[in-house]
**Student:** 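One structure, as structure tokens, below. Some questions next.
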Amino acid sequence: MNQLEKHTILNHNDYLSTLNDPQREAVLHGEGPLMIIAGAGSGKTRVLTYRIAHLIENGVDPFRILSLTFTNKASGEMRHRIEGAVGTEARNIWMGTFHSVFAKILRIEARYLGYTSDFSIYDTDDSKSLLRSIIKEYNLDDKTYKANVVFNRISGAKNRLVSADDYINNPAIQADDEAAKMKEIGRLYKTYATRCFQANAMDFDDLLFNTNVLFRDFPDVLYKYQHKFQHVMVDEFQDTNVSQYLITRKLSAVHRNICVVGDDAQSIYAFRGANIENILNFEKDFPDVRTIKLEQNYRSTGTIVNAANSVIARNKSQLKKETFTANEEGSLIDVLKAGSDNEEGRLVATAIFEEKMQKALRNENFAILYRTNAQSRSFEEALRKLGIKYRIIGGQSFYQRKEIKDLLAYLRFTVNQRDEEAFKRIINLPKRGIGDSTVAKIAVAASENDLPIWDVVANIGNYASGRTITPIDQFATLIKSFKILVEEGKDAYEVAAHIAKASGILRELYEDKTVEGLSRYENVQELLNGIKEFVDNPESEDKTLSAFLQSVSLLTNADEPDDNNDNDRVTMMTIHSAKGLEFRNVFIVGLEEDLFPSQMMLESRQDLEEERRLFYVAITRAEKRLSFSYAESRYQWGRLKMCEPSRFLLEVDPKFLNASRILHGPERDSSQPAASSARNLVQRKSTEYKPVSNVAPHIPSEGFVPTDTFDLAEGDKVEHLKFGFGEVTKIEVNGSDRKATVKFDLVGEKTLLLSFAKLRILK
DNA sequence: TTAGCGCATCTTTTT
DNA sequence: GATGCGCTAA
């Protein structure tokens, strides 16, 4: 470290004086286990940053600090801030997400587990696609065995460290599956695991599962890392699952310097196996733990903090914690009520526009938070119309686009010819006349001769004859030529640029002159630029294609290629990805029953508490001003759905709501859903309906009537809040789905889901 | 045997 | 809005 850098180190007085007592105590805590229960906005990241800086100042080698987070965003932010405090030494800290850090370790130790260090990482799409083909091979009904469900069962098992054999031999699990009429899941799990292994591939859960196996079966390896990491820190501890917790516990068993930071009120990943119990178990596993609570909120106004507390207080399971703030009261929470999703978009966009003008704010001061990614559309359109720049985090991320995944599949297959999913993706791309049945034949030949698929492809002449031989042979030659580049030691960019051209991917996209084709071409170019950046970045020590793939497969939405110098944008994202962030003004939108709280969550887990914590997380993102919005109807799958306001609106203590300012825009909505493909437009035309205008705005002051159940019969006369008078022509009951077709005087026939419909029966 | 088209189906959240 | 599946023409 040079003199100048040393100068940037904060001295004790500088930073300690800015902390309150519990914060300072957490920073200065020396050896031994430490648990920090940190409420929202309590300066948690600052404490963690200073703590690490303090350790380094006191002589701890950065190489011997392991700091784990959940998102790339969070770890990038932390690294940046530590660098600000201690200089470039911060780069040496082992810091990253659980998945990226342990992927790195697995890559180093791969041979112990029978993998090579070039192993592929299957993303969720790869996993599901593999499962689909296994389900097909077993001739199981894909209606009962849905890839999604099977995948979730397997994932859940892995997160509890249940191997395929454990799964099959566990009577309780088997009884469970039997009850769900899916007793073959164990077999599917076993085959899935085998196929992943044969493909030299790990899925996301394997990265943690296999780390556990590595540390369990190879004490020497465990010993090495146990001694290496003198200090272990875990951020967002409430979101760790059993698998993650066991890894960190093992790693810190020698030095016992483990510091976990969490807030049980913000645990929102139970669906991924997160286990609040970990917080409770922690005190059992480390009886000498020092527990520090950070309860003062520095982020939000009094109104926001108190409103958040009024919501979370309804949860039964929680640790004792009193969050408070010394900040100003601030303004009340606005409630925006819209007639449709498009109008909701306009109301929010207008509110942003006006607030921006009045208070001279920047776009980046605003965030729109929603429960599901699909909700972003109406806000995009409205913001665009007002000329407000925005960015969307998440959703269909850059790395999930077809053209990107296609090129990445080529790169993956070049590095790892056993990667079955990559193979399936590229064997006939661009079209070279190798169809499904040919691929199936290759697979048969491979399993008959007990060889990897690639061995058959590379020597296709020995296994088949006929017309398909030529294109397969050409494909094999192509891949071999790519491999040679890698072996010659060319860097990731050189290889990738060559592959993009030689594979024909670029040419095919270039010839597609449609708007979509153009943007795909640009996306591929952008990926190549990204690879160039990776290669040119002095921080990446390993510039091989393999290293690039490892880093890129763990990137997701948070790490979109940046639009650089243009950061003044309104941010839109799901509440899940908003955790850890803060914005001056926040809009929580789509506050409708069954959307937020999500219907699925209520049906499958009966867990309203997690949804409520999610609401709590959303509220506490706001610094100065908070708005809620909901729509009375919204398009879903090309259909109009009637909505009830969310019960969560009622759970906020009304004294924090600005009920007098409930906004209601004019309903002159043509409600044309955005049509991206002509094909779907034709399909949608048949269900098109004419909107009705002028619904009397009703103000939810007293509360909302809970959804009624109706005893409808054909021939009943009904009144609908929005469509007027009508007569029921048909009733359909399909499981929990109850649909009524009603012929309205004004708008013709409508099919309504009864749970959503605002219907009144006329006697 | 492959490629292309129309149809049906399913939607939570993330690494 | 997106994706998989099955039918049909070449």
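Chain identifiers are assigned alphabetically (A, B, ...) following the order of the sequence lines, protein sequences preceding nucleic acid strands; residue numbering begins at 1 within each chain. Small disclaimer: the values here were computed from a predicted structure and weren't measured.
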**Student:** Is it true that, when you exclude Arg507(A) itself, more than 12 heavy atoms of the residues, nucleotides or ligands shown sit nearer than 6.0 Å to its CZ?
**Tutor:**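 At most 12 heavy atoms, drawn from other residues, nucleotides or ligands, come within 6.0 Å of this atom.
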**Student:** Distance alone, cut at 3.5 Å: any donor-acceptor contact between the side chains of Asn315(A) and Tyr616(A)?
**Tutor:** no
**Student:** If you assign each of Lys441(A) and Ser598(A) to its closest nucleotide in DNA chain B, which residue comes earlier from the 5' end?
**Tutor:** Lys441(A)
**Student:** So if I apply the salt bridge (Lys or Arg N to Asp or Glu O under 4.0 Å) rule between Lys579(A) and each of Asp239(A), Asp235(A), Asp263(A), which one comes out positive?
**Tutor:** Asp239(A)
**Student:** From C-beta outward on Thr438(A), which listed nucleotide comes closest to its side chain: dA3(B), dT1(B), dT12(B)?
**Tutor:**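 Of the candidates, dT1(B) comes closest.
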**Student:** Looking only at side-chain atoms of Arg272(A), point me to the closest of dC5(C), dC10(B), dT15(B).
**Tutor:** dT15(B)
**Student:** At less than 4.0 Å, is any side-chain N or O atom of Asn241(A) found next to OP1 or OP2 of dT15(B)? Yes or no.
**Tutor:**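 No.
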**Student:** Strictly by modelled atom types, are Arg160(A) and Asn241(A) linked by a side-chain donor-acceptor pair under 3.5 Å?
**Tutor:** no
**Student:** What's the CZ-P distance between Arg401(A) and dA2(C), to the nearest Å?
**Tutor:**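 Distance, rounded to whole Å: 11 Å.
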**Student:** Which nucleotide in the list dT1(B), dT13(B), dC10(B) gets nearest to the side chain of Lys146(A)?
**Tutor:** dC10(B)
**Student:** Contact class for Phe98(A) vs. all strands (heavy atom < 4.0 Å): base, sugar-phosphate, or nothing?
**Tutor:**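 Since no nucleic acid heavy atom lies under 4.0 Å of Phe98(A), the category is nothing.
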**Student:** Contact class for Asp123(A) vs. all strands (heavy atom < 4.0 Å): base, sugar-phosphate, or nothing?
**Tutor:**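 Nothing, no heavy atom under 4.0 Å.
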**Student:** Is Lys579(A) touching bases, backbone alone, or none of the nucleic acid, heavy atoms closer than 4.0 Å?
**Tutor:** nothing
**Student:** Rounded to whole angstroms, how far apart are NZ on Lys431(A) and C1' on dA10(C)?
**Tutor:** 16 Å
**Student:** Output the rounded distance in Å from CG (Asn148(A)) to P (dT13(B)).
**Tutor:**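 From Asn148(A) CG to dT13(B) P: 11 Å.
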**Student:** dC5(C) P sits how many Å from Asp142(A) CG, rounded?
**Tutor:**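 So the two atoms are 7 Å apart, to the nearest Å.
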**Student:** Counting the atoms with a prime plus P, OP1 and OP2 as sugar-phosphate, which does Leu207(A) contact under 4.0 Å by heavy atoms, base, sugar-phosphate, or nothing?
**Tutor:** nothing
**Student:** Give the nucleotide from the list dG4(B), dT1(B), dT12(B) with an atom nearest to the side chain of Ser437(A).
**Tutor:**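 Output: dT1(B).
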**Student:** Centroid distance below 5.5 Å plus an interplanar angle below 30 degrees: do Phe70(A) and dT14(B) meet both conditions?
**Tutor:**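 Base of dT14(B): not stacked against Phe70(A).
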**Student:** Using a cut-off of 4.0 Å on non-hydrogen atoms, how would the nucleic acid contact of Tyr269(A) be classed: base, sugar-phosphate, or nothing?
**Tutor:** sugar-phosphate
**Student:** Measuring from the side chain of Ser577(A) (C-beta onward, heavy atoms only), which nucleotide among dT14(B), dG4(B), dT12(B) has the closest atom?
**Tutor:** dT14(B)
**Student:** Tell me: OH of Tyr399(A) to C1' of dT14(B), nearest whole Å?
**Tutor:**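 Answer to the nearest Å: 16 Å.
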**Student:** Let me know, please, whether Thr124(A) or Val439(A) comes out on the 5' side of the other along DNA chain B by nearest nucleotide.
**Tutor:**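 It is Val439(A) whose nearest nucleotide is closer to the 5' end.
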**Student:** Please determine, for the side chain of Thr97(A), which listed nucleotide (dT13(B), dT1(B), dT15(B)) has the closest atom?
**Tutor:**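 The answer is dT15(B).
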**Student:** Does Asp205(A) reach a base, just sugar-phosphate, or nothing at all? Heavy atoms under 4.0 Å.
**Tutor:**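 No contact.
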**Student:** Quick one about Asp341(A) and Ser378(A) (side-chain donor to acceptor, distance below 3.5 Å, no hydrogens or angles considered), yes or no?
**Tutor:** no
**Student:** How many Å lie between CG on Asn152(A) and C1' on dT14(B), as a whole number?
**Tutor:**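 Interatomic distance, CG of Asn152(A) to C1' of dT14(B): 12 Å.
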**Student:** To the nearest Å, give me how far apart CD (Gln550(A)) and C1' (dT15(B)) are.
**Tutor:** 14 Å
**Student:** Between dT12(B), dT14(B), dT15(B), which nucleotide gets closest to the side-chain atoms of Asn373(A)?
**Tutor:** dT14(B)
**Student:** Which residue is it: Phe70(A), Tyr269(A), Phe237(A)? I am looking for the one with a ring-ring contact (aromatic ring centres under 6.0 Å, His included) to Phe98(A).
**Tutor:**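 Single pass found, and it is Phe70(A).
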**Student:** May I have the distance from Ile268(A) (atom CD1) to dT14(B) (atom C1'), rounded to whole angstrom?
**Tutor:**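 It is 10 Å, rounded to the nearest whole Å.
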